[in-house]
Amino acid sequence: MMDNPFALKGKRYLVTGAASGIGRSSAEILSALGAELILADRNEDGLVKTLGRCPSAVKMLPIDLMEVHSISSVVETAVKEFGKLHGVVHAAGVPYISPLKAVDMDKLHRVFAVNTYAAAEIAKAFSSRKVYAGESGSVVFISSVYASVGCPCNAGYAMSKAAIEGLTRALAMEFAGRKIRVNCIAPGFIKTPMDKAVSGYFDNEHEDVITGLHPLGLGQPSDVAYAIAYLLSEASRWVTGTIMHVDGGFTAQ
């Protein structure tokens, strides 16, 4: 038995969406556990703030994930300088609240580009011999409870996250032979800048309803980040293809 299967010292990971929210919290926690990190986001100021909260070696990677076709080359270049990776966390995401009749296809494309297509491209980049360290690989995607629970005016976002869960299961089977595990976390409502922006669409009464749907109350970014740390660590070495709900009991009802 390992001394501490949760330890991440000597491991290197890419974390997207690292400028705020779940991505920033994940970077802080993974760094505290000894991991070396490449932090990716288009918000450079936010990345600098995250950098200051990470005690381990960290490299900033300013990147717009809308530019899906450039992801692989950018990641490969970063890895040449930083060292090959043991895993990736795709925490970047954008919301989209709109009734179906008002869905704008350009906006929907942006949602899928960041939430879904970028996830596939990041996994593709990681699985290459130029990037993957070749041992104990782990990919963690972020879905949402709304991939499995219906909600009005949420079709575009729900579609993008349901696709992530399908991608998780498919890649878990495809990558198993290379010792790369692929898992997904489906959070409930988390107190992040993104969810704060989404809540602006609703009145106080609706916010109270949303809070009431979580028996344990609304979550914090660290609640998801600790689950991410588990899925990256050797403590979860026999876990792949799973969708882990971290939602304060939202989907248990």
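All values below were derived from every heavy atom in this structure, side-chain atoms included, with hydrogens, water molecules and symmetry-related copies excluded.
Under the 4.5 Å side-chain heavy-atom criterion for ILVMFWY residues, a single connected hydrophobic cluster contains both Val140 and Leu33. By the criterion of side-chain heavy atoms lying less than 4.5 angstrom apart, applied directly or through intervening Ile, Leu, Val, Met, Phe, Trp or Tyr residues, Ile185 is grouped together with Tyr226 in one hydrophobic cluster. Follow the hydrophobic side-chain contacts under 4.5 Å out from Phe189 and you reach Val149 in the same cluster. By the criterion of side-chain heavy atoms lying less than 4.5 angstrom apart, applied directly or through intervening Ile, Leu, Val, Met, Phe, Trp or Tyr residues, Leu216 is not grouped with Ile22; the two fall into different hydrophobic clusters. Grouping the Ile, Leu, Val, Met, Phe, Trp and Tyr side chains by contacts below 4.5 angstrom, directly or via other members, places Val94 with Met105.
Ring centroids of Tyr157 and Tyr96 are separated by 6.0 Å or more, keeping the two rings apart.
Ser236 and Leu231 get closest at one heavy-atom pair: OG-O, 3.1 Å. Between Gly93 and Asn115, the closest heavy-atom pair is CA-OD1, 3.1 Å. Nearest heavy-atom pair across Ala91 and Ile142 is CA-CG1, 3.9 Å. Across all their heavy atoms, Glu44 and Pro62 have their closest contact at CG-CB, 3.6 Å. Contact record, Ala18 with Leu39: CB-CB, 3.8 Å, taken as the closest heavy-atom pair. Here the shortest heavy-atom pairing between Ser26 and Ile228 reads OG-CD1, 3.2 Å.
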Decide yes or no on side-chain contact (heavy atoms from CB on, under 4.5 Å) for Ser233 and Leu8, but give the supporting numbers first. CA-CA 6 Å; Ser233 76; Leu8 299 176; 3.9 Å; yes

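Every residue meeting the side-chain hydrogen bond (donor to acceptor under 3.5 Å, both in side chains) condition with Thr50, not counting sequence neighbours, appears here in chain and number order: Arg24. For Asn183, there are no side-chain hydrogen bond (donor to acceptor under 3.5 Å, both in side chains) partners at least two apart in sequence or on another chain.
Checking side-chain atoms of Arg237 against main-chain N and O of Pro5 turns up no donor-acceptor pair under 3.5 Å. For the pair Ser31 (side chain) and Ser56 (backbone), a donor-acceptor distance under 3.5 Å is present. In this structure, the side chain of Asn154 does not engage the main chain of Cys151 through any donor-acceptor pair within 3.5 Å. Looking only at distances, a side-chain donor or acceptor of Thr16 sits under 3.5 Å from a matching main-chain atom of Ala92. Here the side chain of Thr240 pairs no donor or acceptor atom with the backbone of Arg181 at under 3.5 angstrom. The backbone N or O of Thr251 sits less than 3.5 Å from a side-chain atom of Asp247, completing a donor-acceptor pair. At distances below 3.5 Å, not a single donor-acceptor pair connects side-chain atoms of Tyr132 with backbone N or O atoms of Gly87.
A side chain to side chain contact (heavy atoms under 4.5 Å, CB included) with His90 is found for exactly one of Leu65, Thr116, Leu14, namely Leu65.
Side-chain contact between Leu232 and Tyr13 is present, with heavy atoms from C-beta onward closer than 4.5 Å. Side-chain contact between Val131 and Val75: present, with at least one pair of heavy atoms (C-beta onward) separated by less than 4.5 Å.
Within 6.0 Å of atom CZ in Phe82, more than 12 heavy atoms from other residues, nucleotides or ligands are found, so the atom counts as buried in its surroundings.
Here side-chain hydrogen bond (donor to acceptor under 3.5 Å, both in side chains) pairs that include residues 67-87, with residues two or more places apart or in two chains, are Lys59-Glu81, Ser72-Glu121.
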